[in-house]
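What follows is a set of notes on a single structure, which appears directly below.
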There are 2 protein chains.
Amino acid sequence: MRELGIGDLARRVGMRPSALRYYESIGLLPPAGRVAGRRVYPVGTVRRIALIKMAQRARFTLAEIRQLLDTTVDRGATRQWRALAERKLPELDRFLQETQALRDAVADCLACGCMNFDSCQLLSSGPAGDAA
Amino acid sequence: MRELGIGDLARRVGMRPSALRYYESIGLLPPAGRVAGRRVYPVGTVRRIALIKMAQRARFTLAEIRQLLDTTVDRGATRQWRALAERKLPELDRFLQETQALRDAVADCLACGCMNFDSCQLLSSGPAGDAA
DNA sequence: CTCAGGGTTCAAGTGCGCTTGACGTCAAGG
DNA sequence: CCTTGACGTCAAGCGCACTTGAACCCTGAG
């Protein structure tokens, strides 16, 4: 079975058909082929959706993900994809750093013996530079 | 100046007053003191908001953040805060791992010479375990 | 005194990421 | 033949995190 109906696909990727239709509607998935009016997806779609979910977990919006993936889909866009990926990398790194900082803050806080996160001494200095 | 009006506070933390009122309405900020009907905030609120933003950047919902912080605010809740923090730590770690994985995937992909993220060979094996 | 510039409340609106509902079509099975 | 069930479309709804608008009040500078 090299093609999947929307229900099958949805089950495979753990989403609802409505979500897949929605993705198509916003151009995140290419228009599915039709057989008797019904959508049929090549199995590769499973992988594409896995990528989407991956990027989503990293806080990319669907619009961003569409850019990441859509710079694609036909030939030629390699250059564009690379440009975008290179742009995204530092963003990801920055985000990772921030999150790591929070993680460490929580961990330190636990180790520090303070009463709670809000009142922790360790955090008084660091986390978010004030914006005055 | 040990107390701030809502406008001042908003400016300091780079948000709009409406957001601060909203935070209060959902219990994320304790009810501000009032002077002639107007909210006044102790300067410490700046720090609290910095923490909120920090946690937000790490994808905590405001409801979760409220829990993280509210286990607080009066005495006694230390135990609770610790329990919650300990619960959150692994979540954070998991999230960090996933994000790191995405970052690496993008980086590898750039290095791999593939046409785009979607078609990258390197990713064919790894990212999201299928759910069939 | 006046009035501009904040502040107050409450209800409704916004954008994102979907879901749900109403209604319709079609193919397969009893 | 008729029903069942999965699929189709389209519009509306939902939860989150806020913003905006309408209507009102207060303070203080000119």
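Order of the sequence lines fixes the chain letters, A, B, ..., with proteins taken first and strands second; residue numbering starts at 1 for each chain. Predicted, not measured: the structure shown is a model, and the values here were computed from it.
- A straight line from CD1 of Ile6(B) to P of dT9(C) spans 8 Å, rounded to a whole angstrom.
- Whole-Å rounding puts the Arg34(A) CZ to dC7(D) P distance at 12 Å.
- Comparing dC18(D), dT9(D), dG17(C) against the side chain of Arg39(A) picks out dT9(D) as the nearest.
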Audit row: Leu62(B), Ile65(B), side-chain contact (heavy atoms from CB on, under 4.5 Å) steps and yes/no: CA-CA 5 Å; Leu62(B) 295 187; Ile65(B) 298 173; 4.1 Å; yes

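- Considering only heavy atoms from C-beta on, Val40(A) stays 4.5 Å or farther from Arg34(A) through its side chain.
- Rounded to an integer number of Å, the gap from Glu24(B) CD to dG7(C) P is 14 Å.
- For Tyr23(A), a side-chain nitrogen or oxygen approaches OP1 or OP2 of dC18(C) to under 4.0 Å.
- Arg16(A) comes within 4.0 angstrom of sugar-phosphate atoms only, judged by non-hydrogen atoms across all strands, and of no base.
- A donor-acceptor distance shorter than 3.5 angstrom exists from the side chain of Arg66(B) to the backbone of Ile26(B), with no hydrogens or angles considered.
- Within the 4.5 Å cutoff, the side chain of Gln97(B) has no heavy atoms near those of the Gln100(B) side chain.
- Contact of Arg38(B) with dG6(C) (side chain to base): a donor-acceptor pair of N or O atoms is detected under 3.5 Å.
- A straight line from CD1 of Ile26(B) to C1' of dC16(D) spans 9 Å, rounded to a whole angstrom.
- Note: CG (Leu62(A)) to P (dC16(D)) measures 18 Å, nearest angstrom.
- For dC16(D), the OP1/OP2 oxygens have no side-chain nitrogen or oxygen of Gln56(B) closer than 4.0 Å.
- In this structure, Ala36(A) and Met15(A) both approach DNA chain C, and ranking their closest nucleotides by distance from the 5' end singles out Met15(A).
- Checked against a 6.0 Å centroid threshold, the rings of Phe95(B) and Phe95(A) count as neighbours.
- Atoms CG (Leu4(A)) and P (dA6(D)) sit 16 Å apart, rounded to a whole Å.
- Here the P atom of nucleotide dG5(D) and the CZ atom of Arg11(A) are 14 Å apart, to the nearest Å.
- Distance Arg21(A) CZ to dG21(C) C1': 13 Å, rounded to the nearest Å.
- Nearest-nucleotide assignment on DNA chain D puts the 5′-proximal partner with Gly7(A), out of Tyr22(B) and Gly7(A).
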